[in-house]
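What follows is a single structure, written as structure tokens, with notes after it.
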Amino acid sequence: MKHNYCITFTVTLFVLVLQFSLRAQTVNLTSSKLPIFIIDTHGAEIPDEPKISAGLKVLYKTSGAINYVTDTAFHYKGTIGIEKRGSSSAGYPKKQYGIEIRNSAGSDSDFSMLGLPAESDWVLYAPYSDKSCVRDVLMYNLARQLGQYASRSRYCEVILNGEYQGLYVLLEKIKRDKNRVNISKCEAPDTTGDALTGGYIYKLDKTTGADIQGWTSPYRPFTGSPFTIYYQYHYPKQEDIAAKQKSYIQTTVSAFETIMNSSSYADTGKGYPSVIDVNSFVDNFLLNEFCKNVDAYRLSSYFYKDKNSKNSKIFAGPIWDYNICFGNADYYNGWDPEGLHYTYLTTNTQFLYEDSNQPPFWWKKLLADNIFKQKILTRYTALRKTVFTDKYMFGIIDSLSSTMIEARIRNFQKWPILTSYVWPNHYIGNTYENEISYLEAWIHARINWLDSYFGYTAIEHDPLQKPAAFSLEQNFPNPFNPSTKLKYHVPQVGKVSLQIYDVLGNKIQVLVDDIVEQGTHEITFNADNLPSGVYFAHLTAGASRQVIKMLLLR
């Protein structure tokens, strides 16, 4: 896929189109290169909870093979429990579902769905507000590259009660499991000794739905805050967790917060390094800031702890719910590729006094500690040489978008939303390709800002390194108004010409006409007095020539 970096970072006023006015269209699915999930609820409506019994057939041969809805050989055929999922996304007409594989007796049963490690609980995530359909999958992939567990995924298409529903993503539900959050079992009898100490998963999240049991932290988000911090039990399940287990994890987390509230919180012997896995918190911070996750630090924010005999420390993660990151939010500055999101959450007065979902106070203490900050810088520097790069990120995006070409065309026929505002879109691309260009351009700009913030120099001079080949990069931003930057590379010293032309071939401006040194150069093209339209940049050096197209939008 060509990377045109099409983006403008301005606050845009959108006309709000109510989701229910975007009528779903009838689409007939006959075959797909993706797996096909056929769900039959036998006429019953799927509730938010509890799960109801339904039938499931999964058509899946091998990766890339065509699956036909008329196929009679099934990857899976049997009973499932199914319920609706989602909080903010529950208002979208395209629903997401939690499913549980069940045996003939109605008990949960492990199954290796689409080649993923066997388990009983899965999520059918429904991309809707994220029109690229890749943000969640991209972030989970990135987290795994950092050595963290994050949900594995498979794209698929869904038919529910005979009606095509669109493109979905099969995700692993966050669970304690040797192939998911790999911590010890903690069952009802485990109320004494080492067995009581783990494993546990808890979270910060919205208090909607039924499973919201937990406890209130004794420490408010900041002095004078009108809100409290409420932690929720996740594992053991809220219907299974024993009173002594509740007391243990609550006491353990409160002890950590008490340390963080003390003057010696950074002491290496008795401070936070003794009770949390620092590296997991560093990675959690960088993952959230890299994509500028609007929900970071306060929603869908998970933590876990194993038995003391295995590891007594608290870990941050796994990450979850990243569909409104990477510039896909029109609130809390989520659209802006510049600035730390944590800084916004701790300085914006409106957020501090109007949003009840606040980050806990100890994040601020961690980020004030010089040792923790140095670990962040060291980790960022290492990641910039591997996965925090345009090349890696764009490669994953292009691979994912290529995997679902036919399916996402059908999806947007079913749900014709590409030209409409879907909460909380900042950008409306009108085409899928524009959505991908926006996403990639946002990532490019975010990396540049983070490099500046952390003082990272992406290109270091190496006298043994071969000079860059002759090339003219796509201008950024593009479209632009009124100025844009052009970066070009020349392999040796010599005469270089960089000129701008309009669509009629008229020379508009000469940006460079001189002898330049070998290496990378950047120059700004200012189009203050020019009308909107297409312009061309011509780079010439000796016998080498390259042209790029640019779009000026007033």
Side-chain angles (χ1 to χ4, degrees), residues 143-144 146-150 174-187 190-205 214-215 217-219 229 231-236 241 244-288 296-298 300-320 359-376 378-379 382:
R144 291 195 299 274
L146 268 63
Q148 310 293 327
Y149 165 74
I174 292 180
K175 285 188 68 175
R176 187 224 67 82
D177 184 89
K178 66 179 181 179
N179 293 308
R180 296 188 184 181
V181 182
N182 189 13
I183 54 176
S184 305
K185 283 187 177 181
C186 188
E187 300 178 307
D190 298 326
T191 57
T192 60
D194 188 52
L196 175 62
T197 66
Y200 295 93
I201 305 174
Y202 65 97
K203 64 181 179 178
L204 292 166
D205 210 349
W215 73 96
S217 167
Y219 300 98
I229 297 297
Y231 295 103
Q232 299 176 36
Y233 310 115
H234 185 77
Y235 176 81
I241 189 168
K244 288 186 178 179
Q245 293 165 348
K246 290 180 179 180
S247 178
Y248 175 80
I249 189 60
Q250 178 178 342
T251 300
T252 300
V253 175
S254 295
F256 160 59
E257 292 190 305
T258 299
I259 288 173
M260 293 303 297
N261 194 50
S262 71
S263 59
S264 58
Y265 79 96
D267 185 273
T268 56
K270 58 182 181 181
Y272 73 83
S274 67
V275 293
I276 67 170
D277 181 82
V278 177
N279 290 337
S280 71
F281 281 75
V282 167
D283 281 357
N284 191 268
F285 171 81
L286 285 173
L287 286 167
N288 278 307
Y297 316 110
R298 60 198 189 91
S300 299
S301 185
Y302 286 81
F303 308 88
Y304 64 90
K305 181 192 176 297
D306 208 339
K307 287 181 180 179
N308 284 351
S309 59
K310 291 188 175 180
N311 195 320
S312 64
K313 294 184 177 182
I314 295 170
F315 285 70
I319 66 168
W320 184 254
F361 81 96
W362 45 259
W363 269 114
K364 189 170 187 177
K365 297 288 290 287
L366 284 176
L367 293 168
D369 177 49
N370 288 332
I371 294 177
F372 192 81
K373 289 192 289 186
Q374 184 58 48
K375 285 182 175 292
I376 289 173
T378 300
R379 182 65 159 156

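Numbers here are sequence positions counted from 1.
Of the N and O atoms on the side chains of Asp283 and Gln148, at least one donor lies less than 3.5 Å from an acceptor on the other residue.
Taking CD1 of Ile183 as the reference point, atom OH of Tyr235 lies at 7.0 Å (rounded to 0.5 Å). Atom-to-atom distance recorded for Tyr149:OH and Asn182:CG is 11.0 Å, nearest 0.5 angstrom. The structure places CG of Asn279 at 10.5 Å from OG1 of Thr378, a figure rounded to the nearest 0.5 Å. Residue Ser300 holds its OG atom at 8.0 Å from CD1 of Ile174, rounded to the nearest 0.5 Å.
The backbone N or O of Lys305 sits nowhere less than 3.5 Å from a side-chain atom of Tyr202 that would complete a donor-acceptor pair. Checking side-chain atoms of Lys365 against main-chain N and O of Met260 turns up a donor-acceptor pair under 3.5 Å. A side-chain donor-acceptor contact under 3.5 Å links Thr197 to the backbone of Asp194. Looking only at distances, no side-chain donor or acceptor of Asn284 sits under 3.5 Å from a matching main-chain atom of Ser280. With hydrogens and angles ignored, the 3.5 Å screen pairs a side-chain donor or acceptor of Lys313 with a backbone N or O of Pro273. Counting only distance, with no hydrogens or angles, the side chain of Gln245 and the backbone of Asp190 share a donor-acceptor pair below 3.5 Å.
Ion pair Asp205/Lys203 flagged as a salt bridge, since at least one NZ, NE, NH1 or NH2 atom sits closer than 4.0 Å to an Asp/Glu carboxylate oxygen.
Tested against Ile371 for a side chain to side chain contact (heavy atoms under 4.5 Å, CB included), the candidates Lys375, Gln374, Lys373 yield a single pass: Lys375. Checking Tyr233, Tyr200, Trp215 one by one against Tyr248, the ring-ring contact (aromatic ring centres under 6.0 Å, His included) holds for a single residue, Tyr200.
Looking only at side-chain heavy atoms (C-beta outward), Trp362 and Tyr272 stay at 4.5 Å or farther from each other.
Using bins of under 30°, 30° to 60° and over 60° for the plane-to-plane angle, the ring pair Phe361/Tyr219 lands in the tilted bin. Using bins of under 30°, 30° to 60° and over 60° for the plane-to-plane angle, the ring pair Trp363/Phe285 lands in the tilted bin.
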Yes or no on side-chain contact (heavy atoms from CB on, under 4.5 Å) for Phe372 and Ile376, after CA distance, side-chain angles and deciding distance? CA-CA 6 Å; Phe372 192 81; Ile376 289 173; 3.5 Å; yes
